[in-house]
Asks: 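Below you'll find the structure I mean.
Computed from a prediction, not measured in an experiment: that's the story for all the values here.
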Amino acid sequence: MSPLHSAVRQAFAASGSLAQADPAYTEREVQSRMALAVADAIDSRDTLVAEAGTGVGKTFAYLVPTLLSGARALISTATKSLQDQLFLRDLPRLRAALALPTTVALLKGRASYLCTHRLKQARHTIDLGDRWAMRTLAKIETWSQLTATGDLAEIDGLDERSSTIPLVTSTRENCLGSDCPDYRACHVMKARRDAMAADVVVVNHHLFFADMSLRESGVAELLPSVEVAVFDEAHQLAEAGVAFLGVTLSSGQLLDTSRDMLATGLQQARGLVPWQELAAACERAARELRLVCAGTSVADASPRPLRGSMKLAWAERAGRPTFSHALGQTAAACAAAHEALDTVSELSPDFSKLADRMARLHELTERFASDALPGQVRWIDLTANQCRLVESPLDIRDALREQMAAAPKAWIFTSATLGEDDRLSWFTEPAGLTEATTLRVGSPFDYAAHARLYVPSSFPRPNEPGHAMAVGKLAARCARAVGGRTFVLTTTLRALQGIGDQLRAEFESGGDEMQVLIQGQLPKRQLMQMFLETPASVLVGSQTFWEGIDVPGDALQCVLIDKLPFPPPNDPLVEARAKRLESEGRNAFSDYFVAEAAVSLNQGAGRLIRSEADRGLLVVCDPRMVSMNYGKRLRQALPPMPRLEDEAEAMAWLMALAAGR
């Protein structure tokens, strides 16, 4: 037994370090088993993929052996909020409990840190008619005098979607680097210096992959020096990687660059170049590109509005004369702007950087005007405000293998859901980790006693017109039986509103004083606060509520899922992945669509039972789960909940939960 193995055993023992630091600590065999597997991987510099069910305590299971090893470590998680939780709560608690002098740093992407140079320019570039933006800017200016880190997460109530944030933060394209007059006080550079000096650095998946492709966030310098790399919430790793390993040309990039060019040109070189003409040409090109992607044109008097977002197959637009013309106009506008910026580049570092940005945009227009590279897939993301032309790899296996081959270290990948077989193939195959050691540690919760599954067999199928209405009606009956305390998770934004409207109609007609909360009406955090404050509530949410939501206790006792979460077959990335499997002689439906649905379903079901005392009902409003052959496989992928046969049993279970409170 290695010294690390012994130290980990002692830490997790009933009378060990963790128990002495926390009177509420409970020794869990499953947590200790995972922690020892992590210790083995660290000792042997091996790769471990570990699935740990809800309640295992996987965060401590990988943090404790990592800290006790004394090895330099990189910990990557899915979101900035989880980063903050690790850095502000979990790591300080463990460092104190284990009495270790470990230094810890937090590293986020550029967009999370104030750029003091751009803050000084913001007063000149902000829309003076936008009172909310002006108010936000004033708030940021006041905070900027007090902050030591420049992390915008410190500002209470700051909306991440605020139009002011891009004005006061830098991007790789507009950062002046060492030419910046505020370089010495740069918050981004300070965060990177702190990271390089720390024993443990907490990053996120997006930052990890952004650096892999751009080599500019600081992770590239950091990664070779660490001995342990841990990826928590690893089920999100592949999609984060695919998003950042590709290339993107957006109308928003063009507009932002042209506006920066106009503001800087008028400030620092007025009269030397026709700035307004050049910016206007870029803006016209960006607008035409967006309209053509939307299937309209500049000549249309009233182009049809787009609500939400849409993903288009590349073939739907590429090759059309209007699309080629729009790309050509964009290329010409970028080339003209680049040429003009080049003539004044010696006047200021701002102009030199703007010239580089325009040159890059010109390169991208030429790339998208030619054929895609082998092994890449293209599509168009379309929203009401912009279009994005995207070229991306199908998965992360090549990129990850390259990183893992660069320097020997322990690689730990963990999540509550990574697959449905012991090899965790759903995750390991697209990540190129089929040779890794795998571990599946089940939840310690007693699902058999505390949870039930109900699948209504005589129910409209998801493709039938009355499905959303039927889900709303069933959700209302469930909520009445249990006194609110209900989530309805939808697979699409379209179903979200229909189900929410039906719920409100049901409660109004029945005279129920039940609060219906619908995603999109308010920020996610505010919706959750209202749900917790008012037990007689039903919250209807789409993808953002399927994971990362923790409601222990009796505040949530019923979760309805509107339909089986199969990937959309017309999504270009999904279609390309399915075609590749078929070209390999495999069954795309079984190996991809059902596997994806099993993992997503488990994520949604995971909202129900969050502690040893939780009790609840999971309802899947899709009769295919009992009528189709693959239904058994999906049911087996869920925690072991007894299945109820009819609605009467389901309502009786909910009323028993309500009576037991």
Side-chain angles (χ1 to χ4, degrees), residues 171-174 246-265 273-306 309-345 351-392 572-573 576:
T171 64
R172 170 176 162 270
E173 289 79 16
N174 62 31
V247 294
T248 301
L249 170 65
S250 73
S251 56
Q253 286 173 296
L254 188 56
L255 289 172
D256 288 345
T257 307
S258 65
R259 286 167 187 167
D260 285 351
M261 174 182 69
L262 179 61
T264 306
V273 168
W275 300 113
Q276 289 174 322
E277 290 177 28
L278 291 167
C282 289
E283 290 190 13
R284 279 196 305 273
R287 181 168 179 266
E288 181 175 355
L289 185 62
R290 185 182 67 78
L291 289 172
V292 166
C293 286
T296 59
S297 71
V298 178
D300 287 346
S302 55
R304 60 183 183 274
L306 174 71
S309 60
M310 182 187 302
K311 186 177 280 190
L312 299 174
W314 186 253
E316 289 187 49
R317 296 289 182 264
R320 293 187 180 185
T322 52
F323 185 76
S324 299
H325 180 263
L327 268 180
Q329 290 289 94
T330 304
C334 291
H338 173 253
E339 185 178 345
L341 286 162
D342 209 31
T343 64
V344 295
S345 61
F351 287 126
S352 177
K353 199 69 181 179
L354 281 164
D356 291 343
R357 288 169 68 185
M358 278 297 181
R360 174 59 178 161
L361 289 172
H362 185 238
E363 287 172 16
L364 287 170
T365 57
E366 294 187 329
R367 177 166 181 163
F368 281 104
S370 58
D371 293 335
L373 296 172
Q376 305 279 308
V377 60
R378 283 182 179 174
W379 69 88
I380 298 170
D381 282 330
L382 195 60
T383 66
N385 299 316
Q386 74 164 325
C387 64
R388 296 171 69 247
L389 312 186
V390 184
E391 181 178 297
S392 166
L573 195 53

Asks: Taking atom CZ of R317 and atom OG of S324, what is their separation to the nearest 0.5 Å?
Replies: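 The distance works out to 13.0 Å.
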Asks: Between L382 and A294, what is the shortest heavy-atom contact and its length?
Replies: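 Distance-wise, the nearest heavy atoms are CD2-CA, 3.4 Å.
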Asks: Should the ring pair F368 and W314 be called parallel, tilted or perpendicular, given that the plane angle runs from 0 to 90° and is split at 30 and 60?
Replies: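 Geometry flag for W314 against F368: tilted rings.
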Asks: Please report the shortest heavy-atom distance between W379 and P572, naming the atom on each side.
Replies: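 Looking at all heavy atoms of both residues, the closest pair is CB-CG, 3.5 Å.
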Asks: What do you reckon, is CD of E277 surrounded by more than 12 foreign heavy atoms closer than 6.0 Å?
Replies: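 At most 12 heavy atoms, drawn from other residues, nucleotides or ligands, come within 6.0 Å of this atom.
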Asks: Treating T365 as the side-chain partner and L327 as the backbone partner, does any N or O pair qualify as donor plus acceptor under 3.5 Å?
Replies: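 No, because the side chain of T365 does not come within donor-acceptor range (under 3.5 Å) of the backbone of L327.
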Asks: More than 12 heavy atoms of other residues, nucleotides or ligands under 6.0 Å from CD of E283: yes or no?
Replies: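 It does: E283 CD has more than 12 such atoms within range.
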Asks: Side chains of R367 and L373, heavy atoms from C-beta outward: is any pair under 4.5 Å?
Replies: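 Sidechains of L373 and R367: in contact.
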Asks: Please find the pair of heavy atoms, one from L262 and one from A279, that lie closest to each other, and give the distance.
Replies: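 Minimum heavy-atom separation between L262 and A279: CB-CB, 4.0 Å.
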Asks: Drop me the distance from Q253's CD to T171's OG1, to the nearest 0.5 angstrom.
Replies: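 Answer rounded to 0.5 Å: 9.0 Å.
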Asks: Where do A337 and M261 come nearest, in terms of heavy atoms and distance?
Replies: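 What the structure gives for the nearest pair is CB-SD, 3.8 Å.
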Asks: Any heavy-atom pair between the side chains of F351 and V273 that's under 4.5 Å?
Replies: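 The answer is no, as the side chains (C-beta and beyond) never meet within the 4.5 Å cut-off.
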Asks: Can you name the closest pair of heavy atoms from A384 and R290 and give their distance?
Replies: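 Answer, listing the atom of A384 first, then R290: O-NH1, 3.4 Å.
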Asks: Quick one about R357 and T257 (side-chain donor to acceptor, distance below 3.5 Å, no hydrogens or angles considered), yes or no?
Replies: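 The answer is yes; a qualifying pair exists.
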Asks: Checking R388 side chain against S250 main chain: does a donor-acceptor pair fall under 3.5 Å?
Replies: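 No: the side chain of R388 does not pair with the backbone of S250.
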Asks: Is the shortest side-chain heavy-atom distance between L291 and E288 below 4.5 Å?
Replies: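 Not touching, per the 4.5 Å side-chain cut-off.
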Asks: Kindly indicate whether the side chain of M358, heavy atoms from C-beta on, has any atom under 4.5 Å from the side chain of L361.
Replies: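 They are in contact (side-chain heavy atoms under 4.5 Å apart), so the answer is yes.
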Asks: Mind listing the closest non-hydrogen atom pair of C282 and L254 along with its distance?
Replies: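 Shortest heavy-atom contact: O-CD2, 3.4 Å.
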Asks: Can you tell me if CD on Q276 sees more than 12 non-hydrogen neighbours from other groups inside 6.0 Å?
Replies: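 No, not enclosed.
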